[in-house]
Amino acid sequence: MPVVTRIAPSPTGDPHVGTAYVALFNYAFAKRQGGRFVLRVEDTDRARYVAAAEARIIDVLRWLGLAPDEGPGIGGEHGPYRQSERLAIYREHVDRLLAEGHAYRAFETADELDAMRLEQQRRGIDPGYDGRGRGLDPVEQRRRADAGEPHVVRLRTPDEGHTTFHDLLRGDVSVPNAEIRDTVLLKSDGYPTYHLANVIDDHLMGVTHVVRAEEWVVSTPLHVLLYQAFDWTPPVFAHLPLLRNPDANKTKISKRKMDTSAESYRAQGILPEALVNFLATMGWSMPDGREVFTLEEFVAAFDLERVSLGGPVFDLKRLRNLNARYLREVLSLEAVAERVAPWLVERGHDPSDEDYLLDVVDVLRPRAETLAELAEQADYFYVERVSYDADARRRLAAGQSYLEDLEREFSRLEFFDDDAIDDLLHDYVQRQAVPLGKVLMPLRVALTGTSQAPAVVDLVAIMGRGRTLTRLGQALQAIQEGLPDDDPERLKAEAEAAAKAAAAKGKRRPPMPAERS
RNA sequence: GGCCCCUUCGACUAGCGGUUAGGUCACUACCCUUUCAAGGUAGCGGCACGAGUUCGAAUCUCGUAGGGGUCACCA
């Protein structure tokens, strides 16, 4: 029997990294076993439903390379794959449970249930549905339902004994039946709850392995009870550890405490390869200890039993570091250039000169952790003129005479290549008898507007004679117009403006160009 | 609080009875160096605790502690 796994997200908002994480492991397990990976949309909560969410989830899965074999908009033999389109199926199965006495209709109102909980709280007993509707005569249940009285359908659960299931990762897990309430299967709006829909769909869709997050462990016995009621064989269960916040207690990953949106990482210039690689190291490791590997390598080596159970903290620093490694080591120069190009366009640049782009990326990629940072630093290679911050102004003013000399020297330089530029610079400082840095820093600032930039020789060589001379001219003009380190008022105003601009920029949502579609 | 699960450096992890407890990120120092990075070298730092089993426990058992999850007509 072929392995079938599934990812069953609820379309309620931003595609969650936790969804991507569980999808990754389901995908890898299915592919490794030569099986199928199914996407099922659990849209049974009308209140939290977000129409656009489904498409965004599919988009994120594709971006990560985790395209499902079956799912809404994809097709497959077991559709429909949206639970809202399977209502008749649930209805039919609920009728069967009702007929066989495994379930009953309960007519308590929300107010009544609230009162019940309050009372339980007051008396200090465990809260939860107490089974008060169980005793109602089935004929009476039917009559009231037919009369249009609002009701839910609940599972009749045993009061004594234990229900046990086998978790592939933790062994047998046993829960006292007294802890398992007569849970709602069908809501009063006719929609199924997760518990009911998930069991029916997994069975009907032929899901062989339910690989999901740890938060489902305690409700799995309830699902087992449902499988028993239907007289179905349950699938194999494996519960993955929960991704955690980087807070002191390592609580379950949450939007409040960190960025949980997969799209957001994409928008920050995190590569899908890096995100997948990072997620794969959450609770899992390569047998040979490799830490950088592709999705294909992950699938080839994947083994559910290597999953470790301690909840892994989602550490941004590690993600960014991994992304940086992809940028400078894993991907080819051409590949990185291809990825950044849309980001440059987004910033208003024209990256169509491929050789220039390659040079720019080559020199910048050891200095950037994300595509966004790379693109941002590339600005000074593409803008018409750079602007100088306060520090840059000081350095320019200090180097005025050198810049004048260099402008002349560069304009006379016959072969404008790396070696020639290097020789020129060294000859010049020797003649002037000044330290190299004293000359190079003003030049660097003139070319880029900032003191933190690649090697000057690289900058000059990449920018070429034309750009170099233009920048030098602009810098000298700026100096003449009085860019003062002698005017504290003006410097202060500049600093404030820069701080304000930086703050505004930080707030703006970063662009997300289409890349690697 | 009841129930369930978990527990190796700050973080991610290797380890599955005998290891100087290994690697990666982060951090620190040094080297390289025209700045910033990158790179190189080194360092810091861990088996939660207590019993038991065993010739021998990070590895097996039990207990304690700590952490997490869950107790909805949400998934």
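Sequence lines set the chain letters: A, B, ... in the order given, protein chains first and strands last, and positions in each chain run from 1.
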Check for me whether the distance between the ring centres of A/F410 and A/F416 falls short of 6.0 Å. yes

Classify the nucleic acid contact of A/R244 as base, sugar-phosphate or nothing, counting any heavy atom under 4.0 Å across all strands shown. sugar-phosphate

For A/R365 and B/rA38, is the shortest distance between a side-chain N/O and OP1 or OP2 below 4.0 Å? no

N or O in side chain of A/T44 less than 4.0 angstrom from B/rA75 OP1/OP2: yes

Looking at every strand, decide which applies to A/P192 at a 4.0 Å heavy-atom threshold: base, sugar-phosphate, or nothing. sugar-phosphate

Suppose we screen for ring-ring contact (aromatic ring centres under 6.0 Å, His included). Which residues come up paired with A/F302, at least two apart in sequence or across chains? A/F25, A/W284, A/F298

Using atom CG of A/D45 as one end and atom P of B/rC74 as the other, report the distance to the nearest whole Å. 6 Å

Nearest-Å distance, CG (A/D247) to C1' (B/rG10)? 14 Å

Under a 4.0 Å heavy-atom cut-off, which of residues 323-332 of chain A touch RNA chain B? A/R325, A/R328, A/E329

Which part of the nucleic acid does A/V184 contact within heavy-atom distance under 4.0 Å: base, sugar-phosphate only, or nothing? sugar-phosphate

With sequence neighbours excluded, residues passing side-chain hydrogen bond (donor to acceptor under 3.5 Å, both in side chains) with A/D43: A/S84

Centroid separation A/Y388 to A/Y380 less than 6.0 Å: no

Which atom pairs, one a donor and one an acceptor, fall under 3.5 Å between side chains of residues 216-226 of chain A and the rest of the protein, sequence neighbours left out?
unit_1: A/S219; atom_1: OG; unit_2: A/W216; atom_2: O; d: 3.3
unit_1: A/T220; atom_1: OG1; unit_2: A/R212; atom_2: NH1; d: 3.1
unit_1: A/T220; atom_1: OG1; unit_2: A/W216; atom_2: O; d: 2.8
unit_1: A/T220; atom_1: OG1; unit_2: A/V217; atom_2: O; d: 3.4
unit_1: A/T220; atom_1: OG1; unit_2: A/H239; atom_2: NE2; d: 3.2
unit_1: A/H223; atom_1: ND1; unit_2: A/R212; atom_2: NH2; d: 3.2
unit_1: A/H223; atom_1: NE2; unit_2: A/H195; atom_2: ND1; d: 2.8

When the distance from CZ of A/F314 to P of B/rA26 is rounded to whole Å, what number comes out? 16 Å

What integer distance in Å separates A/E291:CD from B/rG23:C1'? 6 Å

Those residues at least two apart in sequence (or on a different chain) that pass side-chain hydrogen bond (donor to acceptor under 3.5 Å, both in side chains) with A/R134 are A/D159, A/D182

Less than 3.5 Å between a donor and an acceptor, one on the side chain of A/S188 and one on the base of B/rC73, is that the case here? yes

Can you list the residues that meet the ring-ring contact (aromatic ring centres under 6.0 Å, His included) rule with A/F37, with sequence neighbours excluded? A/Y27

Integer angstrom distance from the C1' of B/rU20 to that of B/rA29: 24 Å

Side-chain donor-acceptor pair under 3.5 Å between A/S451 and A/R444, yes or no? no

Output all residues satisfying ring-ring contact (aromatic ring centres under 6.0 Å, His included) with A/Y382, sequence neighbours left out; order by chain, then residue number. A/H349, A/Y356

What's the CZ-P distance between A/R170 and B/rC5, to the nearest Å? 9 Å

Spacing between A/L169 atom CG and B/rC4 atom P, to the nearest angstrom: 19 Å

Could you go through the side-chain contact (heavy atoms from CB on, under 4.5 Å) check for A/I253 and A/V17 one step at a time? CA-CA 9 Å; A/I253 194 170; A/V17 288; 3.8 Å; yes

Phosphate OP1/OP2 of B/rC5 contacted by A/K252 side-chain N/O (<4.0 Å): no

Please report, rounded to the nearest Å, how far the C1' atom of B/rU34 is from the CG atom of A/D423. 16 Å

Just to verify, what does A/D189 make a salt bridge (Lys or Arg N to Asp or Glu O under 4.0 Å) with, not counting sequence neighbours? A/R46

Stretch residues 274-288 of chain A: residues that reach within less than 4.0 Å of RNA chain B through a heavy atom: A/T281, A/M282, A/G283, A/S285

Could you identify which residues of residues 446-454 of chain A place a heavy atom less than 4.0 Å from some atom of RNA chain B, listed by residue number, or say none? A/S451, A/Q452, A/A453, A/P454

What does A/V152 touch in the nucleic acid at a heavy-atom separation under 4.0 angstrom: a base, only the sugar-phosphate, or nothing? base

Does A/R318 get its side chain close enough to the base of B/rC12, under 3.5 Å, for a donor-acceptor pair? no

Could you give the NZ-to-C1' distance, from A/K250 to B/rG66, as a whole number of Å? 11 Å

Does a salt bridge link A/R117 with A/E119, judged by any charged N lying under 4.0 Å from a carboxylate O? no

Those residues at least two apart in sequence (or on a different chain) that pass side-chain hydrogen bond (donor to acceptor under 3.5 Å, both in side chains) with A/N249 are none

Kindly point out which of B/rA38, B/rC3, B/rC73 is positioned nearest to the side chain of A/R117? B/rC73

Among residues 304-313 of chain A, which contact RNA chain B at a heavy-atom distance under 4.0 Å? A/R306, A/S308, A/L309, A/G310, A/G311, A/P312, A/V313

